[in-house]
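Read through the structure below, which is laid out as structure tokens, and then see the notes.
Sequence lines set the chain letters: A, B, ... in the order given, protein chains first and strands last, and positions in each chain run from 1.
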Amino acid sequence: MEPINNKGYKLLHQGCLALSQVEMNGMKIDVDYTQRAIQATAKRIDKLEDELKKDEVFKTWRKRYGSRLNINSREQLGEVLFNILKYPCPERTKTGRPKTDEAILERVDIGFVAKFLKVMKLKKAKSTYLEGILRETTDGFLHPFFHLNMARTFRSSSSDPNFQNIPVRDPIIKKLVRRMFIARPNHRIVEVDYNGAEICCAACYHKDPVMIKYIKDDTKDLHRDMAMQCYKLKLSQVNKEIRYCGKNMFVFPQFYGDYYLMNAKSLWEAMVRLKLKTNDGTPLIKHIKAKGIKGLGSLYPKDKPKAGTFVKHLQEVENDFWGRRFKVYNEWKKEWYDEYLENGYFETLTGFRIEAVMRRNQVINTPVQGSAFHWLLWSLIEINKVLRKHKMKSLIIGQIHDSIVSDVHKKEVKNYLEIVQQVMTQDIRKHWKWIIVPLAIEAEVAPIGGSWYEKKEIEL
DNA sequence: TACTTCGGCGCC
DNA sequence: AAAGGGCGCCGAAGTA
């Protein structure tokens, strides 16, 4: 990759300097809390493991492995469940071992496995987060690294520790871990993020009028609409959980280059596993069957989807998605890839030529993912400049691809929010005239001296 | 003991 | 026609 204009060059130069400032600022860690949390979590793990050891399944496990038994080994558990106890093994890894991830193990409907998964979650929280972060903490402060030279898409990455994958989805683990991150005295943690950054950024490349309409019109909601179509629901039947599935099991995978077979699989599994219900309380699986879907259908790529299966339905949704709904977007993908094949490179709107051997999906995703991050990077640089120019006490302490985390002095909160709003939604569009969609941000604020866990969304 | 590979899982 | 984008960190297991 190389810059093709001065804006590109300056972005990385200043970005590097601004991020080193962010690294130096660092964030406060509640060390006492963390030590207590580690102890408490260790205790919970011990207790659950004791219970596991009393189970019949564990006795089978011991018989098979004897002293080599390792309660942390999913591979051993896979052997016990699928080869000895003869539970059906739905999938294998590329090296031929039985797959033993969460989705697969949940299908083995016995208490032992449910408890095993619960313990694994706690161990992940303890080792990677509680202990991993504490290990990197000195004098109560943590200074994660932010790199601009690691990601192939010219996003950033973070390490030692990785600040960009702190748990947020599982409410229990979220609280356990995010409680570690606290504001400096008289400060509040403030996190601001772009709404749908990658979708908006993609729109600047493909300029699909339907997508632009979705972005501009507040009453329209793509994820909701696709959830409705995938699960054959009416507007009144959709809820937050179902919308989440539409977003993360259809829309985003499709944008990343996935296809109907995988969508059908994960959307179907979600119905069963999360026991999804329509807003009026009907189990989704029952609803979909009433709508004429007999079953999931074959997941073998070579089989032709059969009428009346969920797979066939998703194939139709996909065809509609690209063939009718986002026709212009679809044409852009083809042209963009063809041009890459011809030239051997492509150029991002943020000012870089990227010359590398890439697969089709990478060629389509890289400019979007990279440029969306460049919006954030440019914003971070400008916000940092303003904070310093006005000698404000507030500090930027981190960045997560499309969001900025700051430790904001209690008297500067209003001012800070005005600055980020101005930079992220107005100034950036003067800097890059090719941004053809309105940009919006969301802000969350934690109490004075409180933790990252306690952040709450506020009106801007 | 040190290192690599794999599978898994956390995030956007 | 083909078919899931980008990271970093952990422990298990195998190898040197």
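In this structure, Asp258(A) atom CG and dG6(C) atom C1' are separated by 15 Å, rounded to whole Å. Atom CZ in Phe321(A) sits roughly 20 Å away from atom P in dA3(C) (whole-Å rounding). As rounded to whole Å, 17 Å separates atom P of dG8(B) from atom OH of Tyr129(A). We find that OH of Tyr244(A) is positioned 9 Å from P of dC12(B), with the value rounded to whole Å. When rounded to the nearest whole Å, the span between CZ of Phe145(A) and P of dG8(C) equals 13 Å. In this structure, CD1 of Ile199(A) is placed 14 Å from P of dC12(B), rounded to the nearest angstrom. Straight-line distance from the CG atom of Asn330(A) to the C1' atom of dA1(C): 13 Å, rounded to whole Å. Atom-to-atom, CG of Asn195(A) to P of dC12(B) comes out at 14 Å; the value is rounded to the nearest Å.
Looking only at side-chain heavy atoms (C-beta outward), Pro144(A) and Met27(A) come within less than 4.5 Å of each other. The side-chain heavy atoms of Arg169(A) and Tyr244(A), taken from C-beta on, include a pair separated by under 4.5 Å.
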Verdict with reasoning, Tyr260(A) to Trp268(A), per ring pair (Phe, Tyr, Trp, His ring centres under 6.0 Å): CA-CA 12 Å; Tyr260(A) 67 91; Trp268(A) 187 270; over 10 Å; no
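Using P as the reference atom, dG4(C) and dC12(B) are 23 Å apart when rounded to the nearest Å.
The base of dG10(B) sits with one of its N or O atoms less than 3.5 Å from a complementary donor or acceptor on the side chain of Asn165(A). Counting distance only, with no hydrogens placed and no angle test, the side-chain atoms of Gln369(A) and the base atoms of dG6(C) include no donor-acceptor pair under 3.5 Å. Remark: the Arg169(A) side chain and the dC11(B) base include no donor-acceptor N/O pair separated by less than 3.5 Å.
Applying the 4.0 Å criterion to OP1 and OP2 of dG10(B), one finds that Lys121(A) has a side-chain N or O inside that range. Residue Gln362(A) places at least one side-chain N or O under 4.0 Å from the OP1 or OP2 atom of dG6(C).
Under the stacking criterion of a centre-to-centre distance below 5.5 angstrom and an interplanar angle below 30°, Tyr256(A) is not stacked against the six-membered ring of dG4(C).
With Phe373(A) as the aromatic partner, Arg155(A) does not meet the cation-pi criteria of under 6.0 angstrom to the ring centre and within 45 degrees of the ring axis. Cation-pi contact between Lys327(A) and Trp332(A): absent, since separation from the ring centre below 6.0 Å together with deviation from the ring axis within 45° is not met.
Residue-level contact check: Arg152(A) touches the backbone only, with heavy atoms under 4.0 Å from sugar-phosphate atoms and none from bases. Among the heavy atoms of the strands, none lies under 4.0 Å from Val368(A). Across all strands shown, Met150(A) has heavy atoms under 4.0 Å from sugar-phosphate atoms exclusively, and none from any base. Lys123(A) comes within 4.0 angstrom of nothing in the nucleic acid, heavy atoms only. Across all strands, Thr100(A) comes closer than 4.0 Å only to sugar-phosphate atoms, never to a base (heavy-atom distances). Pro253(A) comes within contact range of no nucleotide atom at all, as no heavy-atom separation falls under 4.0 Å. Counting non-hydrogen atoms under 4.0 angstrom, Ser158(A) reaches the backbone sugars and phosphates but no base. Contacts of Glu102(A) with the nucleic acid, taken as non-hydrogen atoms under 4.0 Å apart, involve only primed sugar atoms and P, OP1 or OP2.
Nearest approach of Leu267(A) to Cys245(A), heavy atoms of both residues: CD2-O, 3.8 Å. Residues Ser371(A) and Thr350(A) approach most closely at OG-OG1, 3.8 Å, considering heavy atoms.
The side chain of Asp160(A) approaches dC9(C) more closely than any other nucleotide in the set dC9(C), dG6(C), dG8(B). Side-chain proximity of Ser157(A) to the nucleotides dC12(B), dC7(C), dG10(B) is greatest for dC7(C). Among the nucleotides dG5(C), dC7(C), dG6(C), the one closest to any side-chain atom of Asn361(A) is dG5(C). Listed nucleotides: dG6(C), dC6(B), dA3(C). Nearest to the side chain of Thr95(A): dC6(B). With distances taken from any side-chain atom of Thr153(A) to the nucleotides dC9(C), dC12(B), dG6(C), the minimum falls on dG6(C).
A salt bridge links Lys334(A) and Asp338(A); the closest N-O separation between the charged side-chain nitrogens and carboxylate oxygens is under 4.0 Å.
Checked by atom type, the side-chain pair Glu318(A)/Asn263(A) shows no donor-acceptor distance below 3.5 Å.
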Identify all pairs in which a protein N or O lies below 3.5 Å from an N or O of nucleotides 10-14 of chain C, and state each distance.
{"residue": "dC10(C)", "atom": "OP1", "partner": "Arg135(A)", "partner atom": "NH1", "Å": "3.0"}
{"residue": "dA12(C)", "atom": "OP1", "partner": "Asn70(A)", "partner atom": "OD1", "Å": "3.3"}
{"residue": "dA12(C)", "atom": "OP1", "partner": "Asn70(A)", "partner atom": "ND2", "Å": "2.9"}
{"residue": "dA12(C)", "atom": "OP1", "partner": "Asn72(A)", "partner atom": "ND2", "Å": "3.0"}
{"residue": "dA12(C)", "atom": "O3'", "partner": "Ser73(A)", "partner atom": "OG", "Å": "3.4"}
{"residue": "dA13(C)", "atom": "OP1", "partner": "Ser73(A)", "partner atom": "OG", "Å": "2.8"}
{"residue": "dA13(C)", "atom": "OP1", "partner": "Gln76(A)", "partner atom": "NE2", "Å": "3.4"}

Protein N or O to nucleotides 2-5 of chain B N or O, pairs below 3.5 Å:
none

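Taking the centre of each ring, Phe181(A) and Tyr453(A) stay at or above the 6.0 Å mark. Ring pair Phe321(A)/Phe326(A): centre-to-centre distance below 6.0 Å.
Using bins of under 30°, 30° to 60° and over 60° for the plane-to-plane angle, the ring pair Trp336(A)/Phe346(A) lands in the tilted bin.
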